[in-house]
Amino acid sequence: MQGTVATYDAATRSGVLLLDDGTELAFPAAAFDASGLRLLRLGQRLRVETDETGAVVRVTLPTMT
């Protein structure tokens, strides 16, 4: 699943993604920390990994595995 960064707070390392179907999906600091990324920009595309409950566990660049 992929989405676009709608909001990102560098202080809390959390934000909201806008999925392709228009749904907003919040991601916690733990998901950002798991990514290995240093920062995010508004409008940036990300790949989203979720657990079995639907909670976001990792966000990465679409080209990263």
Side-chain angles (χ1 to χ4, degrees):
M1 163 173 36
Q2 292 188 7
T4 303
V5 177
T7 66
Y8 175 67
D9 183 346
T12 63
R13 299 179 329 278
S14 61
V16 175
L17 300 174
L18 185 60
L19 302 181
D20 293 340
D21 66 0
T23 304
E24 290 186 353
L25 180 64
F27 65 91
F32 177 74
D33 293 343
S35 73
L37 299 172
R38 292 191 203 174
L39 59 92
L40 295 176
R41 294 181 326 253
L42 297 181
Q44 187 172 18
R45 291 288 290 173
L46 295 178
R47 184 168 49 98
V48 183
E49 295 177 23
T50 58
D51 64 13
E52 59 279 346
T53 67
V56 178
V57 295
R58 186 175 177 212
V59 293
T60 60
L61 298 176
T63 56
M64 295 175 67
T65 57

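This chain uses plain numbering: 1 for the first residue, then up along the sequence. Only a predicted model underlies this, so the values are computations on that prediction, with no experimental measurement involved.
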Study note, to complete from the structure: Shortest non-hydrogen pair, A26 vs V56, comes out as O-CG2, 3.6 Å
Revision key, fill the gap. Note: A29 and S14 closest approach over all heavy atoms is N-CB, 3.9 Å
Check your understanding: Under the side chain to side chain contact (heavy atoms under 4.5 Å, CB included) criterion, do D33 and R13 qualify, and how do the steps go?
Key -> CA-CA 8 Å; D33 293 343; R13 299 179 329 278; 2.8 Å; yes
Check your understanding: Taking the inter-plane angle between the rings of Y8 and F27 on a 0 to 90° scale, is it parallel (under 30°), tilted (30 to 60°) or perpendicular (over 60°)?
Key -> parallel
**Study point:** Verify same cluster id: V48, V16 (apolar side-chain graph, 4.5 Å)
**Key:** no
Revision key, fill the gap. Separation between CG (L19) and CD (E24), nearest 0.5 Å, reads 9.0 Å
Review point. Atom CG in L25, atom CG in L18: separation rounded to 0.5 Å?
Key: 10.0 Å
Practice item. Tell me yes or no: between the side chains of T4 and R45, is some donor less than 3.5 Å from an acceptor? Key: yes
Exercise for review: Could you tell me the separation between the CG atom of D9 and the CG atom of L40, rounded to the nearest 0.5 Å?
Suggested key: 11.5 Å
**Study point:** Spacing of L42 atom CG and T7 atom OG1 [to the nearest 0.5 Å]
**Key:** 7.5 Å
Practice item. Please assess L37 against T60 for the test side chain to side chain contact (heavy atoms under 4.5 Å, CB included), listing each intermediate value before the final yes or no. Key: CA-CA 7 Å; L37 299 172; T60 60; 5.5 Å; no
Point to revise | Within-4.5 Å side-chain heavy-atom neighbours: R47 and L61 | key: no
Check your understanding: Hey, what do you get for OG1 (T23) to CE (M1), rounding to the nearest 0.5 Å?
Key -> 9.5 Å
